[in-house]
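Reviewing the structure listed below.
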Amino acid sequence: ESRRYWRRRTSVSGALLLPRLLCLLCFAVISLAENTEMVNVVTERKAEESHRQDSANLLIFITLLTLTILTIWLFKHRRFRFLHETGLAMIYGLFVGIILRFGVHLPQDLSDVTLTCAVNSSPTTILVNVSGRFYEYSLKGEVQDSKGHDVPNAEMLRKVTFDPEVFFNILLPPIIFHAGYSLKRRHFFRNLGSILSYAFVGTLTTCFVTGLVMYGCVVFMKVIGQLGGDFFFTDCLFFGAIVSATDPVTVLAIFNELKVDVDLYALMFGESVLNDAVAIVLSSSIVAYQPEGDNRHTFDGSALLKSLGVFLGFFSGSFAMGAATGVMTALVTKFTKLRDFPLLETALFFLMSWSTFLLAEACGFTGVVAVLFCGITQAHYTYNNLSAESKSRTKQLFELLNFLAENFIFSYMGLTFFSFQHHVFNPLFIIGAFLAIFLGRAANIYPLSFLLNLGRKNKIASNFQHVMMFSGLRGAMTFALSIRDTATYARQMMFSTTLLIVFFTVLVCGGGTTPVLSLMQIRSTKHESAWPFRLWYTFDHNYLKPFLTHSGPPLTSTLPACCGPIARCLTSTQAYENAGQLNDEDTELILNDGGGLMYSDMMVSTDAHGMPTPSTSQAGLYSLAGTSDDPLDRELVFGGTRLVLPTDEPPDPLTSFPPPPPSPPLLDPLRHRV
């Protein structure tokens, strides 16, 4: 009986235990679901708050740009030239930075922050195991400094601090491309030799002179105990490379308004455009300097040669990639009917141009160099294939992007002066830096100008040299290179000093440009094209431009007769239609103001097979022969591709062949240049 009773009681207990277990399991599941739901709600709230904070931060920069634009209008309306829009943007950024740093105090919530995680370094991401579930956390920054004190408003200041890659991948490409696309090619190529000398030899000279002076300053600081960390010679050279990138946007804007000498404008603009590219490749080469052994900062000849090879490889590879992308875009726009759809044409042009930068960076080259030469190639070739709407759209689009990006960067510079949390301001280093950039700029301009004047017909006058010396401002590229790496003591001190250099040169040197121009008495002078480029222009005008665009004389008139089938295949119908029209883009390219000789497309008459008629080249030869006494000009025109046309309608070459007219005076109002 007892056994039966125990069995009956056990079965009853088992029957009651199962529902209890089920109830407990359901309760656990419900609790887990409620906890998960609460976590999701908290996460959504934090995401919403973060979104609102990000929107407010972007609104700050939009407000800065809006204030800058309104103030620019006021200054232009009042003809106030002592402060450029970039200087205004920096000043507004400084004011906002002061307000955010000292005027706004937000309590920092550390309730859910664990401060006892023991790691030897600060990794960018951490995987945390929480009850079997792994979470990834990313590094946001320090909440306490090295002395254990809380960083004020650290969360908010981090919010208004952008990833340096934003500058390189989003803001710099339109600025650099616009510089190449808006290049005044006529004046640029006329002074090409001098511009290349200033950009390459001059930038290298500035870099090494600045680096040597800064190394002496650093050694002195170490001797007197004013150096708080490691600072090697390679760091000094890196600093020399980043501050050698000039950005005279303020000066050039004033030059344009005052209509100063076009050669001075070309020298300043060409140097600033190209030395940005040289500076970024040079800084990459210095970083690539890695001697063998444990000490990476000793001199090693093989490592130096390797860095030189990196410099040449980076620059040549980036140049080739940019030019190839421009040529590809030119061929696509020439041999397709995209011009019938201007929106698609503009979109393709924009994407191909921007992709050049990203393609070069992805392949290990320098996107700045690639997008610069892509812009120059697009302006010289692709632009001639675009429809009238696309020409206007592309110019206005990149001009707008350049304006917004540049002013955004300068506004951010002012804000960063107070939002950056690791500034290292050393008075001795700052004084040495200003002395170094002055000596480096002087070593660039004056000796090179002396050497260049030995071979130039139009000498670079001493007042030009003084203006170039004074106008070597530092700007967007210097800032972008310095903010890209601020991990070490040396890089933090470089970044802080670079900000002061940019502020001083833009505000003081840029604001003093107008008085300096008046003091130097800069006037316009006559100019003459260099004969090597005139030879290059002949080849480009007769072969490259007809091959890549619808402009220029048809290839059927410039290639030998044996190449007739190929010439007819590569020459579009539109090229024959454009052959008899004036081409303003070519007119802008090059001219000889001193002798009145100007180059442009010739009018070509063709037969039914697309071959030129003999009278055309003869008439062109006669017209040009009477306008120049230079033997080189006669040699260049022998192919019959240079014309100076009268304003009157020329007679039909098929019915009459008049003798060559005498050359009228250069100021004859009945003549115009082609």
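Just so we're clear, the structure is a prediction, and the values are computed from it rather than from any experiment.
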### Query
Is there a side-chain contact between Leu212 and Phe233 (heavy atoms, below 4.5 Å)?
yes
#### Entry: Phe417 ring center within less than 6.0 Å of Phe425 ring center
yes
### Query
Does Val371 offer a backbone N or O that forms a donor-acceptor pair with the side chain of Thr356 under 3.5 Å?
no
### Query
Can you name the ring-ring contact (aromatic ring centres under 6.0 Å, His included) partners of Tyr92, sequence neighbours left out?
none
### Query
Where does the angle between the aromatic ring planes of His422 and Phe420 fall among parallel (under 30°), tilted (30 to 60°) and perpendicular (over 60°)?
perpendicular
### Query
Checking Glu271 side chain against Ala199 main chain: does a donor-acceptor pair fall under 3.5 Å?
no
### Query
Taking the six-membered ring for Trp, are Phe365 and Phe315 ring centroids under 6.0 Å apart?
no
### Message
Measuring only between side-chain heavy atoms, which start at C-beta, is Met90 closer than 4.5 Å to Val506?
### Response
yes
### Message
Is it the case that the side chain of Thr488 and the backbone of Arg491 share a donor-acceptor pair, with hydrogens and angles ignored and the cut-off at 3.5 Å?
### Response
yes
### Query
Are the aromatic rings of Tyr265 and Phe188 close, with centres under 6.0 Å apart?
no
### Query
Roughly how far, to the nearest 0.5 Å, is CD1 of Ile62 from OG1 of Thr66?
6.5 Å
### Query
Looking at side-chain heavy atoms only, is the closest gap between Phe238 and Met494 below 4.5 Å?
yes
### Query
Should Leu94 and Leu415 count as side-chain neighbours, where that means a heavy-atom distance under 4.5 Å?
no
### Message
To check you understand the geometry: which heavy-atom pair defines the closest contact between Val368 and Ala277, and what is its length?
### Response
CG1-CA, 4.2 Å
### Query
Does some side-chain heavy atom of Val213 sit less than 4.5 Å from a side-chain heavy atom of Cys217?
no
### Task
Please report the C-alpha distance between Ser182 and Glu399 in whole Å, then the side-chain angles of each, then the deciding distance to 0.1 Å, and finally whether the side-chain contact (heavy atoms from CB on, under 4.5 Å) criterion is met.
CA-CA 9 Å; Ser182 63; Glu399 185 178 5; over 6 Å; no
### Task
Give the C-alpha distance, both sets of side-chain angles, the deciding distance and a yes or no for side-chain contact (heavy atoms from CB on, under 4.5 Å) between Asp235 and Asp230.
CA-CA 9 Å; Asp235 296 321; Asp230 293 332; 5.9 Å; no
### Task
Could you grab the distance from atom CG of Asn275 to atom SG of Cys207, nearest 0.5 Å is fine?
11.5 Å
### Message
To check you understand the geometry: which heavy-atom pair defines the closest contact between Ala245 and Met477, and what is its length?
### Response
CB-CG, 3.9 Å
### Query
Can you find a pair of side-chain heavy atoms, one from Ile195 and one from Leu274, that are under 4.5 Å apart?
yes
### Task
Working to the nearest 0.5 Å, report the span between CD1 of Ile91 and OG1 of Thr68.
9.5 Å
#### Entry: Short side-chain to backbone donor-acceptor contact, Lys459 and Asn453, under 3.5 Å
yes
### Query
Tell me, do Val96 and Phe418 make a side-chain contact under 4.5 Å, heavy atoms counted?
no
### Query
How are the rings of Phe373 and Phe319 set to each other: parallel, tilted or perpendicular (split at 30° and 60°)?
perpendicular
### Query
Do you know which two heavy atoms are closest between Leu65 and Leu404, and how far apart they sit?
CD2-O, 4.3 Å
### Summary
Between the OG1 atom in Thr63 and the CG atom in Leu59, the distance rounded to the nearest 0.5 Å is 4.0 Å
### Task
Keeping the roles fixed (side chain from Tyr489, backbone from Gly228), state whether a donor-acceptor pair exists under 3.5 Å.
yes
### Within 6.0 angstrom of Phe208 CZ, more than 12 heavy atoms from elsewhere
no
#### Entry: Expected output: side-chain Asn402 to main-chain Phe398 donor-acceptor under 3.5 Å
no
#### Entry: Test of ring centre spacing under 6.0 Å for Phe504 and Phe434
yes
### Message
Quick check against the 3.5 Å criterion: does Ser482 have a side-chain atom that pairs as donor or acceptor with the backbone of Phe479?
### Response
yes
#### Entry: Candidate list Leu267, Asn191, Leu264, test side-chain contact (heavy atoms from CB on, under 4.5 Å), partner Ile460, passing option
Leu267
### Query
Would you find a donor on one side and an acceptor on the other, under 3.5 Å apart, between the side chain of Asn426 and the backbone of Gln226?
yes
### For the student: nearest non-hydrogen atoms of Ser449 and Gln465, plus distance
CB-CD, 3.4 Å
### Task
Considering non-hydrogen atoms only, spot the tightest contact between Gly414 and Phe503 and give its length.
CA-CZ, 3.9 Å
### Query
What is the minimum heavy-atom distance between Thr210 and Ile437, and which atoms define it?
OG1-CA, 4.3 Å
### Task
Please lay out, stage by stage, how Ser318 and Val281 fare under the test side-chain contact (heavy atoms from CB on, under 4.5 Å).
CA-CA 10 Å; Ser318 304; Val281 178; 5.6 Å; no
#### Entry: Test item: Leu451 and Leu454 side chains (from C-beta on) under 4.5 Å apart, heavy atoms
yes
### Task
Kindly write out the residues that satisfy side chain to side chain donor-acceptor pair (under 3.5 Å) with Thr498, not counting sequence neighbours, or none if the list is empty.
none
### Task
Compute the ring centroids of Phe357 and Phe177, then answer whether they are less than 6.0 Å apart.
no
### Message
Please check: side-chain N/O of Ser471 versus main-chain N/O of Met468, any donor-acceptor pairing under 3.5 Å?
### Response
no
#### Entry: From CA spacing to verdict: side-chain hydrogen bond (donor to acceptor under 3.5 Å, both in side chains), Arg441, Thr206
CA-CA 6 Å; Arg441 185 69 178 171; Thr206 301; 5.8 Å; no
#### Entry: From Ile286 atom CD1 to Ile242 atom CD1, the distance as rounded to the nearest 0.5 Å
9.5 Å
### Message
side-chain contact (heavy atoms from CB on, under 4.5 Å) for Val287 and Thr234? Distances and angles first, verdict last.
### Response
CA-CA 8 Å; Val287 173; Thr234 51; over 6 Å; no
### Task
Report yes or no: does Ser244 contribute a side-chain atom to a donor-acceptor pair with the main-chain N or O of Ala241 at less than 3.5 Å?
yes
